[in-house]
Amino acid sequence: MTARAYPDTVDEVVSLQAPQVIAGEKLPREFYARHGLEVAPELLGMILVHETPEGTTAGRIVEVEAYIGPDDRACHAFGGRRTRRNEVMWGPPGHAYVYFTYGMHHCLNVVCAREGMPHAVLVRGMEPVVGIELMAARRGLGEWAGSGGHGSTATPANDDGTGRDLPAGEHTRRLRELWHRLGAGPARLCQAMGITLAQNGADLVRGPLYIIRPASAPVTAVAASPRIGIDYAGEARDYPWRFYVPGSPGVSRPARTRDGRAAPGTRQAGEESQSAR
DNA sequence: TATAAGATTGGCT
DNA sequence: GCCAATCTTATAT
C-alpha cells in the first residue's frame with residue numbers, strides 16, 4: 001500500500017510544477033518558535049523557496065533532522081558551546097543557520113525554539129518543484145535537465161535526444177534519479193537552491209529565502225529514523241529524530257536501524273518496488 | 001600557530 | 001563497500 005504516488009507521467013510532473021503548488025502562506029515566526037522536535041516533522045511537505053538574481057527555485061521538503069540544543073550530543077550547540085559558526089542557532093527562531101563543512105559543502109538549518117535556546121532543523125532532502133533547470137545548472141547537471149526540445153510538455157529527463165518518446169518505466173526512472181541528484185542530501189539541496197554562507201543568518205520570515213505552506217499536496221505519511229552521520233554522538237545516535245516522506249526520491253538515503261538493515265519506505269531514486277507490484 | 005575532524009558527496013573496487 | 005577531496009572550525013599547544 002503506497003502512501004503517496006510519485007510521478008509516472010510527464011503531465012503529473014508538469015502539474016507539480018504548476019504555480020498553485022507554491023501558492024500558499026509564508027510560514028510565520030510562530031511556526032518556528034517551538035521545540036525542534038515539534039517543528040521538524042511539520043516541515044515535511046512545506047515548500048522551500050529561494051529567490052535569487054539567477055531565478056527562483058523551490059522544492060518540497062521531504063527529509064529533515066532535529067538538533068535540539070545543549071543536551072543533544074549531535075548538536076553543534078552541545079554542551080552550551082556558542083561559537084562564531086553556530087551563533088545563529090542561539091538567536092531568534094525563523095532564521096537560516098548555514099554552515100560549511102568538508103571543505104566544500106553547505107548545509108541548511110532552520111532555527112527553532114526561543115532566542116537563547118539553540119534548536120535547529122537540518123533540511124536534508126527535497127523534491128524539486130520550481131526552477132529545475134537552474135538547479136541542474138548549479139549542480140553541474142545541465143545536460144540532464146536541459147529543455148527537452150520537442151513538444152510543450154518537455155520536462156527534465158524526458159528526452160533522450162532522439163525525439164522519440166521514452167518507455168514509461170524508463171521515464172519514471174530518469175525522473176526519480178534526476179530529482180535524487182538535485183535534492184536528496186543536505187549539500188546537494190543547498191547547491192541546487194543556491195544556498196551558501198551568504199544565507200547564514202537570513203530571516204526566513206522576511207527575506208528572499210523562505211518556506212511556505214503549499215495550497216495543495218499535503219504530506220500523508222511521515223516516517224522517523226535515527227539521524228544520519230552522527231556516530232560520534234554516543235547514545236544520541238539512536239534517537240529517532242530524522243523525519244522523512246517514505247518513498248520520495250528526495251530522501252537522501254535508507255534509514256539506519258539498530259540491526260543495520262534498511263527500513264521500509266527508503267527506496268532510492270529509480271528503484272522499482274521490491275514488493276507487490 | 002598547529003592539528004584533527006567534520007550533520008557530505010562522488011568515484012572507484 | 002572504501003576512500004579521497006578540500007578547508008573551515010574548534011580545540012589544543
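Because the structure is predicted, anything quoted here is derived from the model rather than measured. Letters A, B, ... are given to chains in the order of the sequence lines, protein chains preceding strands, and every chain is numbered from 1.
Proximity of residues 68-78 of chain A to DNA chain B (heavy atom under 4.0 angstrom from any strand atom) is restricted to Ala74(A), His76(A). Applying a 4.0 Å cut-off to non-hydrogen atoms, the residues of residues 81-103 of chain A that approach DNA chain B are Tyr99(A), Thr101(A), Tyr102(A), Gly103(A), listed by residue number.
Both Met104(A) and Leu197(A) sit near DNA chain C, but only Met104(A) has its closest nucleotide nearer the 5' end. In this structure, Gly229(A) and Arg188(A) both approach DNA chain B, and ranking their closest nucleotides by distance from the 5' end singles out Gly229(A).
Applying the side-chain contact (heavy atoms from CB on, under 4.5 Å) test to Pro28(A) and every residue at least two apart in sequence or in another chain returns Glu30(A), Phe31(A). Qualifying side-chain contact (heavy atoms from CB on, under 4.5 Å) partners for Tyr232(A), counting only residues two or more places apart in sequence or in other chains: Ala74(A), Ile230(A). Shown here are the side-chain hydrogen bond (donor to acceptor under 3.5 Å, both in side chains) partners of Tyr99(A), two or more places apart in sequence or in another chain: there are none. Residues passing the side-chain hydrogen bond (donor to acceptor under 3.5 Å, both in side chains) test with Glu235(A) are Tyr239(A), sequence neighbours excluded.
A donor atom on one side chain and an acceptor atom on the other are not found under 3.5 Å apart for Arg176(A) and Ser248(A). Gln191(A) and Arg139(A) share a donor-acceptor pair across their side chains, judged by distance under 3.5 Å alone.
Sorted by first and then second residue, the pairs that involve residues 111-125 of chain A and meet side chain to side chain donor-acceptor pair (under 3.5 Å), not counting sequence neighbours, are Glu63(A)-Arg124(A), Arg124(A)-Ser252(A). For residues 65-82 of chain A, the set of pairs meeting the side chain to side chain donor-acceptor pair (under 3.5 Å) definition, not counting sequence neighbours, comprises Glu65(A)-Tyr67(A), Asp72(A)-Arg227(A), His76(A)-Tyr97(A), Arg82(A)-Glu87(A).
Using a 4.5 Å cut-off on side-chain heavy atoms (C-beta onward), Met126(A) and Met135(A) make contact.
The same atom, P, is picked in dA2(B) and in dT6(C); the two are 22 Å apart, to the nearest Å. Separating the P atom of dA5(B) from that of dC3(C) is a span of 16 Å, rounded to the nearest Å.
A cation-pi arrangement, defined by a distance under 6.0 Å to the six-membered ring centre and an angle within 45 degrees of its axis, is absent between Arg34(A) and Tyr32(A).
The shortest non-hydrogen separation linking Val130(A) to Thr56(A) is CG1-O, 3.7 Å.
Judged purely by atom type and a 3.5 angstrom limit, His50(A) uses its side chain to pair as donor or acceptor with the backbone of Met193(A). Under the 3.5 Å distance criterion, the side-chain polar atoms of Arg181(A) are left unmatched by any main-chain donor or acceptor of Glu177(A).
With a cutoff of under 4.0 Å to any heavy atom of chain A, the contacted region of DNA chain B is bounded 5' to 3' by dG6(B) to dG10(B). Extent of DNA chain C lying under 4.0 Å from chain A heavy atoms, first and last nucleotide in 5' to 3' order, is dA5(C) to dT11(C).
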**Report entry** Base-pairing string, 5' to 3', of DNA chain C - Watson-Crick or wobble, under 3.5 Å, | interstrand
**Finding:** |||||.||||||.
Return a table of donor-acceptor pairs under 3.5 angstrom between the side chains of residues 194-205 of chain A and protein atoms on other chains or two or more places apart.
unit_1: Thr196(A); atom_1: OG1; unit_2: Ala198(A); atom_2: N; d: 3.1
unit_1: Gln199(A); atom_1: OE1; unit_2: Thr196(A); atom_2: N; d: 2.8
unit_1: Asn200(A); atom_1: OD1; unit_2: Val98(A); atom_2: N; d: 2.9
unit_1: Asp203(A); atom_1: OD1; unit_2: Arg29(A); atom_2: NH1; d: 2.9
unit_1: Asp203(A); atom_1: OD1; unit_2: Arg29(A); atom_2: NH2; d: 3.3
unit_1: Asp203(A); atom_1: OD1; unit_2: Val205(A); atom_2: N; d: 2.9
unit_1: Asp203(A); atom_1: OD2; unit_2: Arg29(A); atom_2: NH2; d: 2.9

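Note on Leu27(A) and Val123(A): same hydrophobic cluster, where clusters join Ile, Leu, Val, Met, Phe, Trp and Tyr whose side-chain heavy atoms are under 4.5 Å apart, directly or indirectly.
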